[in-house]
Novice: 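Have a look at this one.
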Number of protein chains: 2
Amino acid sequence: MSTTVAKALSLLNFFSEVEPELGLSELARRSGLDKATVHRMLVTMCDQGLLEQRGNARLYRLGAGVLRLARIRETAFPMTSVYQNSIDVLSSTIGETAHASLISGRILATIGISESNRGSRVSLVAGEILPMHSTASGLAFLAYAKPDFVERVLSEPLKGKTARTLTDPNVIRARLQEIRLTGYAEADQTNEDDVYGIAVPVFDADGAPGGAIAVATPAHRMTNDLRTKTIAALFREVEAVSSQMGGHPPSEFLQAVTRFTQSRA
Amino acid sequence: MSTTVAKALSLLNFFSEVEPELGLSELARRSGLDKATVHRMLVTMCDQGLLEQRGNARLYRLGAGVLRLARIRETAFPMTSVYQNSIDVLSSTIGETAHASLISGRILATIGISESNRGSRVSLVAGEILPMHSTASGLAFLAYAKPDFVERVLSEPLKGKTARTLTDPNVIRARLQEIRLTGYAEADQTNEDDVYGIAVPVFDADGAPGGAIAVATPAHRMTNDLRTKTIAALFREVEAVSSQMGGHPPSEFLQAVTRFTQSRA
DNA sequence: CTCTGTGGTTCATTATTATCACCATCGGTT
DNA sequence: AACCGATGGTGATAATAATGAACCACAGAG
């Protein structure tokens, strides 16, 4: 994080669906960097198209450059379309909100959402960053991530999002071991009150986790039946996604899936 | 361009639909930067999610971070969807390939393509950067851009893409004046042989040009009839796009449109 | 009219960055 | 095998670019 490029790019993480425009002082405050420093970075990022200034207004927003880059990536390596397909299936069959996330550097980024059409449902914001330790998706990813990646995450301070969030690294390590045995991760109100999440990792061609797909349910609505139904659906879709993108889940994961399906029969 | 952040971000411009993955040495060569420098930049950009390394392979490609950023921008300020709609209409009514581009920093980036379904048609690559001086879109944009922007573009060396490319700044300035009078720009094989482009600028809420929409036709197929038909369609769509996005074309442009429609009646 | 916030600028100091040389590895040739 | 020319990647030092405090100008609130 000591490089200037990293500092500049980290400014991009402050933009979100709910705050798509930010001012100079605001960004300086949040990043902890000097106003002059931030200003220079913003100007160069505008110059490169990653950001742009709202006409007369002084606020900054994400620029057209990100649209172009995303388009290049998506035409060369279609992933959002594949994931979107699967989470659409999930939300319609389960009747709850589903979402997909991909590892982006060291953070997990939501890249697809499919909300259920029920009146009461979990609502998510596009492009949100999922905490690794408190979300089902994060835990599912961590369980299969490289050990040094896991340790880097666990060495950082783990924010308690709710009263039930796991913040003890040792407890989390034990949890990851459980997840490796079952193949899926659960987050019962550990990231947000009243939200029960179940997630499954998605793997790339090298057997490394590339992200996760998940279903988020209002906690009070979760039953044992819905739980097994959701897990089965997630396993089905992770299989579909893997085959479409040439992913190769590790044998450890495939065995867990087999155990689950056999125990149901 | 002297700042390190700009140098790092400029590396992103070497990725394209046809070359979605690039190696360290290749990027160093094209950028003219030192290998070690480029390597450090690539590592930090990977760390920030803008890039990622293809598993075991050494090549770098655009990361999931750009997908996330694009999603945030698109949900907050939907533009690609609006543009896509218009160019779909264009390509189907005219029967030729249409595309849309947005200003991204100092470059014009293709963010939407709608190819015609004819056997012989102009084919475009997604995410391509359009030269300002040799494409119809570029000229249409320049004609309404701020003078200092125009001069900055014209002060750089202008590459002759074909035998017919305009490279003399003074000739181009005169051309921009003509475009302001007519409201549309034409590029008869000035960017690519056998390609005849017609473009119209799109304006944002402040009356500044934000991009362009264009129709590209195989040059041999262009007739006076097709020409006027295309221009009329472009004017219709730029009006549609403007109203949907709250754009405000300057009076100079609106007058040119009026002159065109009256001359047809 | 002050007070406090904003976006933006300047410039001496300092810390980051660029550069060179280097190493390990791979694949094809001789 | 030995060689060659690529490749990706690494470290130390010289050179450069980043930093941060103080500074404007402006706008809205009291």
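Below, chain A is the first sequence line, B the second, and so on; all start at residue 1.
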Novice: Atom CG of A:Leu42 to atom C1' of C:dG7: distance rounded to whole Å?
Specialist: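 So the CG-C1' distance, A:Leu42 to C:dG7, works out to 11 Å.
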
Novice: Calculate the interatomic distance between B:Leu24 atom CG and C:dA18 atom C1'; express it in whole Å.
Specialist: 15 Å

Novice: Using modelled atom types and a 3.5 Å cut-off, is there a donor and acceptor pairing between side-chain atoms of B:Ser104 and backbone atoms of A:Gly65?
Specialist: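 Checked: pair present.
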
Novice: Does A:Ser242 reach the main-chain N or O of A:Glu239 with its side chain, forming a donor-acceptor pair under 3.5 Å?
Specialist: no

Novice: Donor-acceptor pair, B:Glu74 side chain versus B:Ser81 backbone, under 3.5 Å?
Specialist: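 It does hold such a pair.
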
Novice: Can a side chain N or O of A:Arg29 be found less than 4.0 Å away from OP1 or OP2 on C:dT6?
Specialist: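 So the side chain of A:Arg29 is within the cut-off, an N or O lying under 4.0 Å from OP1 or OP2 of C:dT6.
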
Novice: Phosphate oxygens OP1/OP2 of D:dT7: is one of them under 4.0 Å from a side-chain N or O of B:Tyr60?
Specialist: no

Novice: Just the atom pairs and distances: protein N or O near nucleotides 22-28 of chain C's N or O, under 3.5 Å.
Specialist:
none

Novice: Scan residues 17-36 of chain B for pairs that pass salt bridge (Lys or Arg N to Asp or Glu O under 4.0 Å), counting only residues two or more places apart or in two chains.
Specialist: B:Glu19-B:Arg30, B:Glu21-B:Arg54, B:Glu26-B:Arg29, B:Glu26-B:Arg30

Novice: Could you tell me the separation between the CE atom of B:Met45 and the P atom of C:dT17, rounded to a whole number of Å?
Specialist: 14 Å

Novice: Look at the side chain of A:Gln84 and the backbone N and O of A:Ile113, then say whether any donor-acceptor pair between them is shorter than 3.5 Å.
Specialist: yes

Novice: Whole angstroms only, please: what is the CZ-C1' distance between B:Arg58 and D:dG8?
Specialist: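 Whole-Å distance recorded here is 6 Å.
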
Novice: Could you list all N or O pairs between the protein and nucleotides 17-21 of chain D that sit under 3.5 Å apart?
Specialist:
{"residue": "D:dA18", "atom": "OP1", "partner": "B:Thr4", "partner atom": "N", "Å": "2.7"}
{"residue": "D:dA18", "atom": "OP1", "partner": "B:Thr4", "partner atom": "OG1", "Å": "2.9"}
{"residue": "D:dT19", "atom": "OP1", "partner": "A:Lys7", "partner atom": "NZ", "Å": "3.0"}
{"residue": "D:dT19", "atom": "OP2", "partner": "A:Arg40", "partner atom": "NH2", "Å": "3.1"}

Novice: Is there a side chain to side chain contact (heavy atoms under 4.5 Å, CB included) between A:Ile172 and A:Leu139? Walk through the geometry before answering.
Specialist: CA-CA 9 Å; A:Ile172 295 177; A:Leu139 292 172; 4.3 Å; yes

Novice: Within this structure, what is the CZ-to-C1' distance between A:Arg54 and C:dT6, rounded to whole angstrom?
Specialist: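 Atom-to-atom, A:Arg54 to C:dT6, this comes out as 18 Å.
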
Novice: Mind calculating the distance between CG (A:Leu27) and P (C:dG8) to the nearest angstrom?
Specialist: 11 Å

Novice: Between the side chain of A:Ser155 and the main-chain N/O of A:Arg152, is any donor-acceptor distance below 3.5 Å?
Specialist: yes

Novice: Hey, does the side chain of B:His39 come within less than 4.0 Å of D:dG9's phosphate (OP1/OP2), counting only N and O?
Specialist: yes

Novice: In whole Å, what is the span from the CD atom of A:Glu26 to the C1' atom of C:dT6?
Specialist: 11 Å

Novice: Rounding to an integer number of Å, can you tell me how far A:Arg61 CZ sits from C:dG7 P?
Specialist: 17 Å

Novice: For the side chain of B:Asp204 and the backbone of B:Asp206, is there at least one donor-acceptor N/O pair under 3.5 Å apart?
Specialist: yes

Novice: Before accepting this row, confirm whether a basic side-chain N of the pair B:Glu128/A:Arg71 lies closer than 4.0 Å to the acidic partner's carboxylate O.
Specialist: no

